[in-house]
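Within every chain, numbering begins at 1; the chains are lettered A, B, ... in the order of the sequence lines, protein sequences first and strands thereafter. When reading the values below, keep in mind they use all heavy atoms of this one structure, side chains included, and skip hydrogens, waters and symmetry mates.
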Amino acid sequence: MVSTGHERTCEQCGLVVESEQIDHGPEWRSFEDRDDQRRTGAPLTPARHDRGLSTKIGTDRSDANGNPLSDRKRRQLRRLRREHGRALRSTTSEQNLALAMMEIRRLTAALGLGNDLRNQAARLFRRAQSEELLKGRSVEAIAAGAVYGACRCHGRPETLADVNQLTQIDRSRVKNGYQVLNRELGLPAPPREPDTFLPAICSELGLDASVERRARQLIDTAPTARVPHGANPAGIAGGALLVAISEMCGVAEIPQTEMSDVVGVSANTLRARRDEFRSIESA
DNA sequence: ACGATTATTGCGTTCTT
DNA sequence: AAGAAAACAATAATCGT
């Protein structure tokens with residue numbers, strides 16, 4: 001089951017340790033001012049390089065009491081602002097972190113992922129950085145790998161291609177980014193199950209829900225012995241769909257080439273998987 | 001579209017150094 | 001123990017039907 005947004009995760013590794021719903025919203029507090037019901041300030045977020053806590057020096061021309069500032073004082077504040085900004089991003093690693101957080105926020109937003117996924121991806125990156133996994137690799141690759149890794153840890157359907165499409169870098173870099181995280185950090189990413197690919201494929205091809213249901217049934221009941229060890233789970237889903245389509249009357253056939261495009265495996269592989277399902281059925 | 005054959009790729013194992 | 005290499009399995013490419 002894909003959980004969407006109420007997990008408690010280990011700050012260090014992003015491992016989901018608990019899945020109960022927690023209200024992070026503000027408590028009721030204010031008696032008179034109905035518009036201000038917060039009990040605290042902005043929440044901490046791992047998805048910004050400064051965790052959302054950085055102090056900003058404002059540009060008002062008056063002090064806290066509304067008295068106008070002298071020229072001398074204003075010049076001093078300008079200097080402070082500049083130095084403060086430099087101090088915040090002074091080191092390379094902090095610059096990298098700021099870059100990565102922007103990238104992670106961009107990617108997760110484009111994928112329509114929630115804050116929990118985004119924050120977990122951010123934590124993964126921070127951990128990668130503290131373990132010096134960035135050496136010799138690009139920030140972009142690790143950031144993308146972290147986003148993909150967060151998806152995988154939650155059993156989400158996003159593919160490597162989905163993430164990669166949003167980046168400028170080579171597919172192999174993104175893949176490597178993910179693999180490094182997975183290997184070095186021991187991500188609790190479960191293997192992909194074939195049926196997790198069904199919804200995306202079916203909606204892309206405009207297939208009826210009944211076809212999807214039948215395909216799921218085929219996958220669930222099929223003894224795994226027949227399918228080769230290590231077979232691409234997406235291909236298994238595609239093969240099951242081909243069988244489901246062919247045996248249901250009134251459903252338009254889908255050309256294998258089209259199915260191949262959508263699933264991301266060759267028509268060859270599709271046929272292999274389909275035939276395995278057929279041989280299981282007739283056995 | 002299918003089946004068969006060949007090429008490629010990725011990966012865990014085994015052999016070296 | 002790190003790295004090279006031979007070996008294997010899945011998939012893609014290609015051809016003929």
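Between A:Phe125 and A:Leu181 the shortest side-chain heavy-atom distance does not fall below 4.5 Å.
Atom CZ of residue A:Arg75 and atom CG of residue A:Leu69 lie 11.5 Å apart, to the nearest 0.5 angstrom. Atoms CD and CG, on A:Gln120 and A:Leu187 in that order, are 8.5 Å from each other to the nearest 0.5 Å. A distance of 11.0 Å separates CG in A:Leu124 from CG in A:Leu133, rounded to the nearest 0.5 Å. Rounding to the nearest 0.5 angstrom, the gap separating the CD1 atom in A:Ile245 from the CG atom in A:Leu207 is 4.5 Å.
A:Ile236 places its CD1 atom 12 Å from the C1' atom of C:dA10, with the value rounded to the nearest Å. With rounding to whole Å, A:Asn232 atom CG is found 12 Å from C:dA12 atom C1'. Spacing between atom CG of A:Asn176 and atom P of B:dC11 amounts to 11 Å, rounded to whole angstrom units. As a whole-Å value, the separation of A:Glu276 CD from C:dA9 C1' is 13 Å. The CD-C1' distance, from A:Gln256 to B:dC2, rounds to 8 Å in whole Å.
Here A:Arg273 reaches the OP1 or OP2 of C:dT11: one of its side-chain N or O atoms lies under 4.0 Å away. Put simply, A:Ser266 has a side-chain N or O that comes within less than 4.0 Å of OP1 or OP2 on C:dA12.
Counting only heavy atoms from C-beta on, A:Pro255 has its side chain closest to B:dA1 among B:dA1, C:dT11, B:dG3.
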Between the protein and nucleotides 4-10 of chain B, list the N/O to N/O atom pairs that are separated by less than 3.5 angstrom.
none

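Using modelled atom types, one finds a donor on one side chain and an acceptor on the other under 3.5 Å when comparing A:Gln217 with A:Arg214.
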